[in-house]
Amino acid sequence: MKYLSDVLFDAILNYPDLNLQEQFSNLVGLDNEKDRLLKESRILLRPDEVEEWSERHYGSIVPLTQAFKGRLPLFLFAGDVGTGKTTLAESFPDLVARELNIPITLYRMSLGVRGQGAVGQMTSLITAVFERIEEEARKLASNGSSPRSAIVLLIDEADALAQSRDLSQMHHEDRAGVDALIRGIDRIGGGKYPVLVVMCTNRLEALDPAVLRRAADVFAFNRPSLEQITAVLTAGLDGLGFESQQFQTLAKILGDSRKRGYGCTYSDLTRRFLPGVLFDAFPDAPVKFEGAEAYAQAFSPTPPFRNEE
Ligand SMILES: Nc1ncnc2c1ncn2[C@@H]1O[C@H](COP(=O)(O)OP(=O)(O)OP(=O)(O)O)[C@@H](O)[C@H]1O
Ligand SMILES: [Mg+2]
């Protein structure tokens, strides 16, 4: 990963990349999203493949292929905290790069693009982001419909940038920013460039309808089910001598929503529970199931993201 002192982007990632491939395969419970993302990306980056499909199966170009025309290359990842939005956004380009056999570069837009509130600042920074992406995309050698490389623009924590222009208390400056964002997406869309845009948000309902309407697909992210918690624990506590029944016991405790109305997020499990289990035993003893169980009983899951409006 390259960190930048750039105001527009705070990181640039290149694919294929073994670490990001591993992050992608470690994501639990997102198999449908992964499959859909690959298919969507493929059709957006190589629109001719839809016509080839039609020729192959019908001997002509059926009207249904038009359903994909004019779609903008925008994916929305929406859902609760710690459910894998950022991780999937930063790792799925690896799969696309491997499947299409092309290099891909991801530009992660800096949160600084919101500016410091000076008049016109956010608007001109957002416009500059899309100009840079267009400039980079133009440089990509392309042989017509099959791009030889592609770009992903990641707009993480997009709430602040793309919130609804209807909110009456919304500052004029923010409204202008949303307009610049929409113009930017329109500008790189329409199949002109091999570019995909991913926006992540905790609050789909707060996004501007004009942004929502432009999305080619919306992906919903949720807290893990019991089976998914069990899968994370089985991988994370491997080698400690636990039985499969014991993983299920821990999962039941950690996923229990009776007390609070919610269970653990994925990041509660990977970033807090698993390290805590080790921490409890370290340095004098191995991990014991009873210790892990007591720790699970006392563990507090992160509350769901709530809309403050
Ligand atoms: N589906 C998943 N499977 C396994 N681990 C996961 C999954 N989702 C999240 N995690 C773990 O949680 C960590 C945080 O996830 P991530 O930052 O992608 O969440 P997010 O949805 O972007 O959260 P936020 O809304 O707070 O930005 C990851 O590094 C990973 O360890
Ligand atoms: Mg995130």
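In each ligand, atom 1 is the first atom listed, and ligand 1 is the first ligand listed. In this text, all values refer to a predicted model and were calculated from it rather than measured experimentally.
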Go through ligand 1 atom by atom and flag the ones less than 4.0 Å from a non-hydrogen atom of E157.
-> 27 (O)
Would you find a donor on one side and an acceptor on the other, under 3.5 Å apart, between the side chain of K34 and the backbone of F24?
-> yes
Flag for Q228-S225: side-chain donor and acceptor within less than 3.5 Å = yes
Atom 14 (C) of ligand 1 [closest protein heavy-atom partner, distance rounded to 0.1 Å] = S267 CB, 3.6 Å
When distances are taken from atom 31 (O) of ligand 1, the protein heavy atom at minimum range is T270 OG1, 2.8 Å
Should G82 be counted as touching ligand 1, given the test is an N or O pair under 3.5 Å?
-> yes
Any Lys/Arg nitrogen of R138 or E135 sitting under 4.0 Å from an Asp/Glu carboxylate oxygen of the other?
-> no
Cluster partners of L278, using ILVMFWY side-chain heavy atoms under 4.5 angstrom, listed by chain and number?
-> F282
Can you name the salt bridge (Lys or Arg N to Asp or Glu O under 4.0 Å) partners of K259, sequence neighbours left out?
-> none
Near R271, which atoms of ligand 1 are under 4.0 Å from a heavy atom of that residue?
-> 13 (C), 14 (C), 28 (C), 29 (O)
For atom 21 (O) of ligand 1, the closest protein heavy atom turns out to be K85 NZ, 2.7 Å
Is it the side chain, the backbone, both or neither of N26 that has a heavy atom closer than 4.0 Å to ligand 1?
-> backbone
Contact check, G29 vs ligand 1, heavy-atom distance below 4.0 Å | no
Does ligand 1 have a heavy atom under 4.0 Å from the side chain of N202, from its backbone, from both, or from neither?
-> side chain
Check whether any side-chain N or O of Q23 sits under 3.5 Å from a backbone N or O of L20 as a donor-acceptor pair, and report yes or no.
-> no
With the threshold set at 4.0 Å, does a side-chain nitrogen-carboxylate oxygen contact exist between R46 and E49?
-> yes
Counting distance only, does the side-chain N/O of R223 pair as donor-acceptor with the main-chain N or O of G263 below 3.5 Å?
-> yes
Is a side-chain donor or acceptor of S25 paired with a backbone partner of Q21 at a separation under 3.5 angstrom?
-> yes
Looking only at N/O atoms, are G84 and ligand 1 under 3.5 Å apart anywhere?
-> yes
Backbone or side chain, does any N or O of V28 fall under 3.5 Å from an N or O of ligand 1?
-> yes
Hey, which protein N/O/S atoms does the Mg ion (ligand 2) have under 2.8 Å?
-> T86 OG1
Candidate with minimal heavy-atom separation from atom 18 (O) of ligand 1, of V81, T265, T87, L27 | T87
Just going by heavy-atom distances, which of F305, F77, Y266 is nearest to atom 2 (C) of ligand 1?
-> Y266
Could you give the side-chain donor-acceptor pairs of residues 57-65 under 3.5 Å, partners two or more places apart or in another chain?
residue	atom	partner	partner atom	Å
T65	OG1	V62	O	2.7

Identity and separation of the nearest protein heavy atom to atom 22 (O) of ligand 1 | T86 OG1, 2.8 Å
May I ask you to decide if T265's main-chain N or O and D268's side chain share a donor-acceptor pair within less than 3.5 Å?
-> yes
So, Y193 side chain and L140 main chain: donor-acceptor pair closer than 3.5 Å or not?
-> no
Thinking salt bridges, do D217 and R36 make one under a 4.0 Å N-O criterion?
-> yes
In terms of atom number and element, which parts of ligand 1 are under 4.0 angstrom from non-hydrogen atoms of L30?
-> 1 (N)
